[in-house]
Amino acid sequence: MNDTPSGTTTSAVNDQIRVRMAPSPTGYLHIGGARTALFNWLFAKHHNGTFILRIDDTDMARSTDESMHEIYEALKWLGIDWNEHYVQSERRSVYDGYVQRLLESGNAYHCYCTPEELEAIRTQARADKQPRSYDGRCQHLTSEAVQRFVAEGRKPTVRIKMPDRPIRVDDIVLGSRNIDPTTLEDEVIVRSNGMPNYNLTSIIDDAEMRITHVIRGTEHLNNTPKQIAIANALGLKVPQFAHIPLVLDSSGRKMSKRHHGDLVAVNRYREQGYLPEAMLNFVVRLGWSYDDKQEIFSVDELIEKFDLARIGKSGSVFDIKKLEWLNSHYINQRSVPARTDAVIPFWQKEGLLNSTEDRNWLEGIVAAVGERLTTLQDIVPQTRYFFTDEFEYDPKAVKKWWGNSEEKRQKTTEILTHISQILEKIPQFDIETIEAAIWKYTDENNIKRVAAMQALRIALTGASFGPSLFDIVVLLGKDEVLKRIPKAIDHL
RNA sequence: GCCGCUAUCGUCUAGGGGUCAGGACGGGUGGUUCUCAGCCACCAAACCGGGGUUCGAAUCCCCGUAGCGGUACCA
């Protein structure tokens, strides 16, 4: 930790920092991917470097164009932009050249084993408690054997020959260590269909693209010595590595598409009304911290303060409660007009808006709702009654505030009737006038303010909670209010 | 099985040989109020275990234990 390589601090070669985010387009962008992208992007921005988006789509069977575009879209939504862009499947010829060199130098060889044979080897190795399964047997194939395999129609894979000497892995986050090469097996670097594999293309591209720092999840830790071995065999420059701890679920397991479905999809959070700045702020604090004082960081502050040296070593649990807190913080930080803009699509999606609504009225609703939104989507249940009088009267609220006895219901009817009359005759339908009139009524008649207000609230909104009732009354308008009160009384 | 990584409140974390082990989220209590939310105040809540080193260890070392990751012709 103390001899952390340079690059985490400001130095003269800053403008040469080059990092990349290398997703495989096999699904949506997930939380962990977003964080990897963010860390790389922040690191680049902090050092005035270059952030590269590289699509690692060598697994043609699983990669899709659709996924690729979803990833672009999600990154853009987060505000993460890239300076350069590459797609590995378009770079086949580059890799082919390197494979040739590896084959010619004897650092790689063809393997004719079938999947079934490999499976058997694996099972046996495990039973024998061996550290690795494949034993390099195809290195020593006789030419007759090769001819026989070829005649059988077997298509070989290419395997990298692992070195004999320990491989040193330096990691900015985790520190340095030496890996015993006898625990490493001769990895397949080219599939039998001719398509190169991740461990090969990744390290080649890192070198070709002059990547200085590879910032990625610790699930790649075990790949690192393999990639270094390949780079060494090719004489390629090896970037510095920074393996960041995993994002875990509440039971401590790695968050993955496989096990968590769209719970890990960035897009899901977008659809549910989370703000990109909240997502960014949330995700950056999963593994990174600045000090013991600050939780809220603007993007500019993040760029200024981000430092690989302050990334922790242990995994972090994804806590939706904290995301919610950040989200409401950022929602509340937006002005009412901005919040209104953000919330309109959610009203539209619910079919609550028919485009005849007055902008000022909508902003009035948003202002009345105030700081009650955790997500933008919350606007729907919280404001539905403004757009329609077809809502349920919450049974629990009714029982508590309208009364559970004939006598109490009678009293409620009376109060609502009085209020209706007061509102009908009110000289000015504004908050101050209405408030004064209603307080006058309750206080003079010895009626509890809360009782009158809650009775009215349920009559107008169906619920026992919500924004200030006077705001609601004014926003609803006199006609609507005078319509809803009798309707509520009928229901009593 | 094998290889590797990690270990401070429930969660995110600060700290790092001598601190009342700090903050934040969440939780709880009280106050404000027409409700809810908010806001304010307060409360509970942690150094995985065992050995060393040391006057002193949560902090350094060793050993355990546990958890996690990887173990593919995925990335």
Side-chain angles (χ1 to χ4, degrees), chain A residues 22-26 56-59 61-63 111 113-115 118-119 122 125-133 155-159 169 171 174 177 179-180 183-185 187-199 201-202 216-225 243 245-246 248 250-254 282 285-296 310 312-326 328 332 369-374 382 397 401 435 438-439 442 448-458 461 463-470:
Chain A
S24 66
T26 55
D56 281 11
D57 61 344
T58 51
D59 184 351
R62 295 199 308 145
S63 298
C111 169
C113 294
T114 63
L118 257 16
E119 182 55 38
R122 235 188 318 271
R126 200 173 180 137
D128 295 343
K129 305 191 174 193
Q130 292 299 307
R132 58 185 175 187
S133 54
K155 295 269 186 280
T157 60
V158 178
R159 287 182 185 269
V169 178
D171 192 282
L174 265 13
R177 69 219 155 90
I179 300 299
D180 176 359
T183 65
L184 264 21
E185 63 181 62
E187 208 71 21
V188 169
I189 55 173
V190 181
R191 297 170 171 88
S192 55
N193 67 6
M195 182 61 76
N197 255 332
Y198 166 75
N199 279 314
T201 60
S202 181
R216 61 177 19 164
T218 48
E219 70 265 30
H220 289 293
L221 203 52
N222 295 293
N223 289 322
T224 309
H243 284 95
L246 299 174
L248 313 170
S250 56
S251 52
R253 268 181 261 275
K254 175 183 165 187
F282 173 66
R285 289 285 290 100
L286 258 25
W288 177 85
S289 64
Y290 179 65
D291 59 18
D292 64 339
K293 298 182 178 62
Q294 193 170 357
E295 286 291 340
I296 307 283
R310 293 200 63 88
K313 296 181 182 183
S314 51
S316 346
V317 173
F318 179 98
D319 179 14
I320 189 75
K321 289 290 183 190
K322 184 152 180 197
L323 208 210
E324 287 175 352
W325 169 68
L326 282 165
S328 64
N332 297 338
V369 167
E371 299 191 340
R372 273 166 270 252
L373 299 178
T374 295
Q382 289 192 30
W401 296 106
E435 183 171 358
I438 293 195
W439 288 165
T442 54
K448 275 188 184 159
R449 288 182 172 190
V450 63
M453 294 297 273
Q454 287 298 76
L456 180 60
R457 176 183 295 281
I458 296 161
T461 72
S464 61
F465 56 87
S468 166
L469 232 203
F470 299 114

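Below, chain A is the first sequence line, B the second, and so on; all start at residue 1.
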For A:Asn199 and A:Asp128, find the nucleotide of RNA chain B closest to each by heavy atoms; which residue's nucleotide sits nearer the 5' end? A:Asp128
Could a donor-acceptor pair under 3.5 angstrom be found where the side chain of A:Ser192 meets the base of B:C73? yes
Please classify the nucleic acid contact of A:Pro467 as base, sugar-phosphate, or nothing, using heavy-atom distances under 4.0 Å. base
For B:A75, take OP1 and OP2 only and decide whether either is under 4.0 Å from a side-chain N or O of A:Arg191. yes
With heavy atoms under 4.0 Å as the rule, sort A:Arg126 into base, sugar-phosphate or nothing. base
Answer with yes or no whether A:Arg372 presents, from its side chain, a donor or acceptor under 3.5 Å of a partner atom in the base of B:C36. yes
For A:Gly252 and for A:Asp57, find the nucleotide of RNA chain B with the closest heavy atom, then tell me which residue's nucleotide is more 5'. A:Gly252
Under 3.5 Å, is there a donor-acceptor pair linking the side chains of A:His220 and A:Ser202? no
Regarding B:C2, can its base be found pairing with the side chain of A:Thr183 as donor and acceptor, where the two atoms are less than 3.5 Å apart? no
Is there a side-chain polar atom (N or O) of A:Asn223 under 4.0 Å from OP1 or OP2 of B:G70? no
Side-chain donor or acceptor of A:Arg132 under 3.5 Å from a matching atom on the base of B:C2? no
Looking at B:G10, B:G4, B:A75, which one has an atom nearest to any side-chain atom of A:Tyr198? B:A75
Just name whichever nucleotide pairs with B:A14, Watson-Crick or G-U, keeping both distances under 3.5 Å, else none. none
